[in-house]
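Written below as structure tokens is the structure these notes are about.
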Amino acid sequence: MHGPPGLSPTEHLLLGLTRLGQAVRLTAWHNGGPARLSPLQADILLYLAADARPRRQGEIVKALASTPPTVSDAMRALTSKGLVDRRRDPVDTRAVTLTLTDTGRAEADRLSVIPVPLREALDALSDADVAAMLRGTTTMIRVLQEHDAIPVSRTCVTCRFFRPDAHPQDPDRPHHCAFVDAPFGPGELRVDCADHEPADAGQGAAE
Ligand code: SF4
């Protein structure tokens, strides 16, 4: 990889990750669709779509590492666009819960289709590249979470059901998910799994 001279391989990697982050963010701005969604509004729709349970605003703030005023503004916009429904929480009537409307779900479906430039960039990777990058990414996410540098995400390496290298005799599918009781390979590590349950602190689900 070409880049500034004198950088170590890990610094080159960080530079590459930064460029990729910029590309993903730029693509999100260009993919606002008919509802003219900002990247944060799109992230909220995808977050709500990932799990059918009604969510509170505080959960969204935490999951997206944002702030209450920023998420409030985005929620107001999404509600006025008819994409999100606000209802009183039946358990705590002082709180409101948020769910997608049918139109919001359709928008989330549209957003979940990977735009062409990103799709082509991903298609350029071999299966081995994908597996290696997923492994590296989930490891970095775990360490960043341990430092409270990013919000906890629902990845295999922080999940109590994850059994890394439980099947050493099978190099294609060495890991095991105790939730579905099945082996899986490094290329199938999940980054946002609805069935994720956090491992106890110090349990060390991660590799
Ligand atoms: S439940 Fe989901 S996050 Fe947990 S180990 Fe299984 S696939 Fe991974």
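In each ligand, atom 1 is the first atom listed, and ligand 1 is the first ligand listed.
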When every non-hydrogen atom of Gly6 is compared with those of Glu11, the smallest separation belongs to O-OE1, 4.3 Å

Could you note down all residue pairs passing side-chain hydrogen bond (donor to acceptor under 3.5 Å, both in side chains) where residues 113-128 supplies at least one of them, sequence neighbours left out? Arg119-Asp123, Ser126-Asp129

Using every non-hydrogen atom in the two residues, find where Arg56 and Asp89 come nearest and quote the distance to one decimal. NH2-OD2, 2.6 Å

Contacts of atom 8 (Fe) of ligand 1 with protein N/O/S atoms, counting only those under 2.8 Å: Cys156 SG

Tell me whether His175 contacts the main-chain N or O of Asp165 through its side chain, where contact means a donor paired with an acceptor under 3.5 Å. yes

Among all residues two or more places apart in sequence or in another chain, which pass the salt bridge (Lys or Arg N to Asp or Glu O under 4.0 Å) test with Arg86? none

side-chain hydrogen bond (donor to acceptor under 3.5 Å, both in side chains) partners of residues 177-190, not counting sequence neighbours, each pair once: His176-Asp181

